[in-house]
Amino acid sequence: MFDSMWTVKVVSLGVVGLSLSLELLFWLFSRRRSERVTNKVLFFPSKVACVEHIFSPTLPHSHVCSLPHGVDTSFSRLLRYILSACSSLDLCLFSFSNMDLSRAVLLLHSRGVTIRVLTDKVYSAISGSQIGVLRKAGICVRCDVSAVHMHHKFAVVDGRMLITGSLNWTLTAVQSNMENIIITEEPDLVQPFVKEFCRLWGLNDSAQDLNSVTD
């Protein structure tokens, strides 16, 4: 009788110990995963600073430029996240006129990164829009042909990182407006945007798009 009770206690303690061990392992795994996954928030307007070192890391900080050098800003961080693309960049943007952001996209294109741009039909043709510049460089651009504005502002980097928020890709938005950007690699947040981009991309015919954008 005593032996049976002792066996039951030992088994019970073993079960409890195993349960605690599994919970500890799950906690450690979740913590390590959260440390690896990017989750950042950027606020604008951004401080105005030189970004040449981002495009040309070997460029000396003493090069001729009146703007502050070596300053980490919301805009410089945004550029770095965009330029981290290795295989693909999908852009779904209402307005795109910021020349530094356009420069980043063109640089990725020159590196062989596959780029797709989906934009609003009306705003793609306004003065200063960079859409015509991207098209001339050979980047695939489609304009939304629906009766309403394509008002999204998001980018998907390599199918794994989402950049989204209130920020239009314009100089005014970056330097003058109160805006926000969220950068995340959480699959539960990224994948719905991947699916939405693919859905919108499929809805808009590329032949119509090519004729709808003016330089």
Side-chain angles (χ1 to χ4, degrees), residues 42 44-46 48 51 54-55 74-76 78-85 87-159 161-183 190 192-215:
L42 303 177
F44 296 81
S46 177
V48 179
V51 294
I54 297 175
F55 295 102
S74 292
F75 186 57
S76 66
L78 174 60
L79 284 173
R80 287 192 181 96
Y81 283 120
I82 294 167
L83 289 170
S84 71
S87 59
S88 66
L89 177 67
D90 290 334
L91 302 177
C92 195
L93 303 169
F94 174 61
S95 183
F96 189 174
S97 61
N98 187 289
M99 295 182 69
D100 282 324
L101 288 170
S102 175
R103 186 178 172 190
V105 175
L106 291 170
L107 180 57
L108 289 174
H109 179 62
S110 71
R111 293 175 181 173
V113 174
T114 300
I115 298 172
R116 297 184 295 179
V117 181
L118 183 63
T119 189
D120 184 77
K121 181 179 180 181
V122 175
Y123 272 74
S124 66
I126 65 172
S127 177
S129 173
Q130 292 296 299
I131 296 303
V133 175
L134 301 183
R135 281 184 51 231
K136 282 183 177 180
I139 293 174
C140 191
V141 177
R142 294 186 183 181
C143 289
D144 183 79
V145 295
S146 64
V148 297
H149 280 307
M150 200 297 299
H151 210 245
H152 285 305
K153 300 116 180 171
F154 70 85
V156 178
V157 177
D158 293 338
M161 179 189 292
L162 171 67
I163 301 173
T164 189
S166 66
L167 186 81
N168 276 311
W169 284 29
T170 67
L171 185 64
T172 299
V174 170
Q175 295 186 359
S176 304
N177 294 351
M178 286 187 171
E179 309 276 4
N180 65 80
I181 284 283
I182 292 175
I183 300 101
V190 177
F193 280 86
V194 171
K195 292 179 180 178
E196 178 65 3
F197 183 89
C198 291
R199 185 186 74 83
L200 293 173
W201 188 259
L203 286 176
N204 295 281
D205 184 79
S206 59
Q208 292 180 356
D209 141 68
L210 291 176
N211 294 324
S212 65
V213 181
T214 59
D215 296 338

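Smallest separation of non-hydrogen atoms from Ser129 and Ser124: OG-O, 3.0 Å. In terms of heavy atoms, Ser97 sits closest to Gly128 at CB-O, 3.3 Å. Residues Ser46 and Ser74 come closest through the heavy atom pair OG-N, 3.6 Å. Listed here is the closest heavy atom pair of Ser84 and Asp158: O-OD2, 3.9 Å. Of all heavy-atom pairs spanning Asp144 and Lys121, the tightest one is O-CB, 3.3 Å. The heavy-atom pair separating Cys143 from Asn204 by the smallest distance is O-OD1, 3.4 Å.
By the neighbour-count criterion of 12 heavy atoms within 6.0 Å, atom OH of Tyr123 is sparsely surrounded, having that number or fewer from other residues, nucleotides or ligands.
Residue pairs meeting the salt bridge (Lys or Arg N to Asp or Glu O under 4.0 Å) criterion with at least one partner in residues 100-114, sequence neighbours excluded, are Glu52-Arg103. Among pairs with a residue in residues 166-177, none fulfils salt bridge (Lys or Arg N to Asp or Glu O under 4.0 Å), at least two apart in sequence or across chains.
With values rounded to the nearest 0.5 angstrom, Ile139 atom CD1 is found 7.5 Å from Ser102 atom OG. Between the CZ atom in Phe44 and the CG atom in Asn177 there is a gap of 11.0 Å [rounded to 0.5 Å]. Interatomic distance, Leu101 CG to Leu171 CG, rounded to the nearest 0.5 Å: 9.5 Å. For the atom pair Ile181 CD1 and Ser166 OG, the distance stands at 7.0 Å (nearest 0.5 Å). The line from CZ of Phe197 to CG of Leu91 is 7.0 Å long, rounded to the nearest 0.5 Å. Note: Leu42 CG to Ser76 OG = 9.0 Å, rounded to the nearest 0.5 Å.
At a threshold of 4.5 Å between non-hydrogen side-chain atoms, the residues Met150 and Cys92 count as touching. Under the 4.5 Å side-chain criterion, counting only non-hydrogen atoms from C-beta, Phe75 is not in contact with Val48. The shortest distance between side-chain heavy atoms of Arg116 and Asp90 falls below 4.5 Å. Side-chain contact between Arg142 and Leu118: present, with at least one pair of heavy atoms (C-beta onward) separated by less than 4.5 Å. By the 4.5 Å heavy-atom criterion applied to side chains, Leu93 and Asn168 are not counted as neighbours. Gln130 has its side chain out of reach of Val105: every pair of non-hydrogen atoms, C-beta onward, lies at least 4.5 Å apart. The side-chain heavy atoms of Leu167 and Leu78, taken from C-beta on, include a pair separated by under 4.5 Å.
Listed by chain and residue number, Trp169 satisfy the ring-ring contact (aromatic ring centres under 6.0 Å, His included) test with Phe96 (two or more places apart in sequence, or in another chain). Legend: residues meeting side-chain hydrogen bond (donor to acceptor under 3.5 Å, both in side chains) with Gln175, ordered by chain and number and at least two apart, are absent. Every residue two or more places apart in sequence or in another chain that forms a ring-ring contact (aromatic ring centres under 6.0 Å, His included) with His151 is listed here: Phe94. Evaluation of the ring-ring contact (aromatic ring centres under 6.0 Å, His included) rule for His109 yields no partner, not counting sequence neighbours.
The residue from Leu107, Ile183, Leu89 that alone fulfils the side chain to side chain contact (heavy atoms under 4.5 Å, CB included) condition with Ile82 is Leu89.
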